[in-house]
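Single-structure report; data block below.
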Amino acid sequence: MAKKAAILIIDALNSFDFTGGDALAEAAQGIVGPIESLREQARAADVPVIYVNDHGGRWRAERSELVDGFLSGKGGTIAAALKPGAEDYFVIKPESSGFYATTLPALLPRLGVTRLVITGLAADICVLFTAADAHMREYDIWVPGDATAAQTNDRAKWACELIGNGMSAETCPTTDLTLAEWLARTPEVAPDGKG
């Protein structure tokens, strides 16, 4: 069976209305282009694009209300550039990990996904926790260093190093690796023989 991938876009739709939000919003400007590029490569290769996003405290809101709210807020420019299309999946998360108390653990197997490209915000929180949960579930992972950001470059670098070293994930930037090249690689076999 072919190893199918999906792109996860974590919290790119964001109000940035929290302590450190301005710094994260500024850093997030730099990841828009790489995420847009990966998203277009994914759509061209029939790879699912899955937005995994906080609800911003709006527990009763549905997808269009959430997206519209982010478009009109402080992160509106980023949200407009990375707005999900009708063909994309949208998973609402209540906590840091995209897997915790969400539909993602049920969705990925139904799509036949065994490999994940994880992008978005913030590298040292939600991306890190999502990558850790993906690793524990034995997904093959790529977290492109230029497609995720944190409030500081040091925090983003630390998170990418932890994900790369501790989770056997690829972390090279999209300038060094395309989606097609990553998909063509044979996933590494885990030490226990799985994977």
Side-chain angles (χ1 to χ4, degrees), residues 5-39 41-42 47 49-56 70 73-79 81-84 88 90-102 104 108 113 115-137 139-179 182:
I7 306 282
L8 300 185
I9 302 176
I10 310 288
D11 291 336
L13 309 178
N14 205 302
S15 67
F16 300 103
D17 188 20
F18 47 82
T19 302
D22 290 339
L24 185 59
E26 185 176 337
Q29 295 289 341
I31 68 171
V32 171
I35 292 175
E36 282 181 308
S37 176
L38 280 169
R39 184 179 61 183
Q41 292 173 58
V47 168
V49 176
I50 305 170
Y51 286 77
V52 183
N53 223 93
D54 282 343
H55 52 59
F70 290 122
K74 190 188 298 186
T77 304
I78 295 167
L82 297 177
K83 183 178 176 181
D88 299 327
F90 195 88
V91 172
I92 296 171
K93 69 178 181 64
E95 296 294 338
S96 298
S97 172
F99 286 89
Y100 180 77
T102 75
L104 192 62
L108 294 176
V113 170
R115 307 178 78 188
L116 293 172
V117 181
I118 304 174
T119 69
L121 303 170
D124 57 332
I125 305 170
C126 297
V127 171
L128 176 64
F129 283 102
T130 301
D133 276 354
H135 173 69
M136 287 187 288
R137 288 166 173 81
Y139 285 94
D140 185 41
I141 308 167
W142 175 25
V143 181
D146 61 342
T148 185
Q151 290 178 16
T152 69
N153 286 336
D154 286 346
R155 287 168 69 165
K157 182 179 176 185
W158 169 83
C160 277
E161 287 175 357
L162 183 60
I163 291 166
N165 295 330
M167 301 172 203
S168 303
E170 178 61 70
T171 59
C172 73
T174 60
T175 52
D176 293 347
L177 185 66
T178 67
L179 179 60
W182 183 70

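Counting from 1, the numbers follow the sequence of the chain as shown. Values in this document were obtained by computation on a predicted structure and should not be read as measured data. Computed over heavy atoms, backbone and side chain alike; hydrogens, waters and symmetry mates excluded.
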Which heavy atom of [X] sits nearest a heavy atom of [Y], and at what distance?
X	Y	value
F129	S96	CD1-CB, 3.8 Å
L24	A150	CD1-C, 3.5 Å
A5	V113	O-CG2, 4.0 Å
C160	G145	SG-CA, 3.9 Å
M167	H135	O-ND1, 3.2 Å
A42	I7	CB-CG1, 3.6 Å

Please list, one pair per line, the donor and acceptor atoms closer than 3.5 Å that link side chains of residues 119-128 to other protein atoms, with sequence neighbours excluded.
from: T119; atom 1: OG1; to: L8; atom 2: O; distance (Å): 2.9
from: D124; atom 1: OD2; to: R155; atom 2: NE; distance (Å): 2.6
from: D124; atom 1: OD2; to: R155; atom 2: NH2; distance (Å): 2.9

Please list, chain by chain and in numerical order, all residues satisfying side-chain hydrogen bond (donor to acceptor under 3.5 Å, both in side chains) with [X], sequence neighbours excluded.
X	value
T102	none
S37	Q41
D11	K93

Is any side-chain heavy atom of [X] less than 4.5 Å from a side-chain heavy atom of [Y]?
X	Y	value
D133	L104	no
I78	N14	no
F70	D54	no
L13	P84	yes
R115	W182	yes

Mutual orientation of the aromatic rings belonging to F90 and Y51 [parallel < 30°, tilted 30-60°, perpendicular > 60°]: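 Correct class here is parallel.
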
Other residues, nucleotides, ligands: >12 heavy atoms within 6.0 Å of N153 CG: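 Incorrect, the count does not exceed 12.
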
W142 (side chain) donor-acceptor with C172 (main chain) under 3.5 angstrom: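 It does hold such a pair.
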
Value rounded to 0.5 Å, distance of CD1 in I163 from OG1 in T148: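 Taking CD1 in I163 and OG1 in T148, the distance rounds to 7.0 Å.
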
Separation between OG1 of T130 and CD1 of I10, rounded to the nearest 0.5 Å: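 Rounded to the nearest 0.5 Å, the OG1-CD1 separation comes to 4.0 Å.
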
Salt bridge (Lys or Arg N to Asp or Glu O under 4.0 Å) contacts touching residues 17-39 (sequence neighbours left out):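 Listed once each, the pairs are D22-K74.
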
L108/I50 under side chain to side chain contact (heavy atoms under 4.5 Å, CB included): CA gap, chis, key distance, verdict: CA-CA 10 Å; L108 294 176; I50 305 170; 3.6 Å; yes

Residues forming a side chain to side chain contact (heavy atoms under 4.5 Å, CB included) with T77, sequence neighbours excluded: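 For T77 there are no side chain to side chain contact (heavy atoms under 4.5 Å, CB included) partners, ignoring immediate neighbours.
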
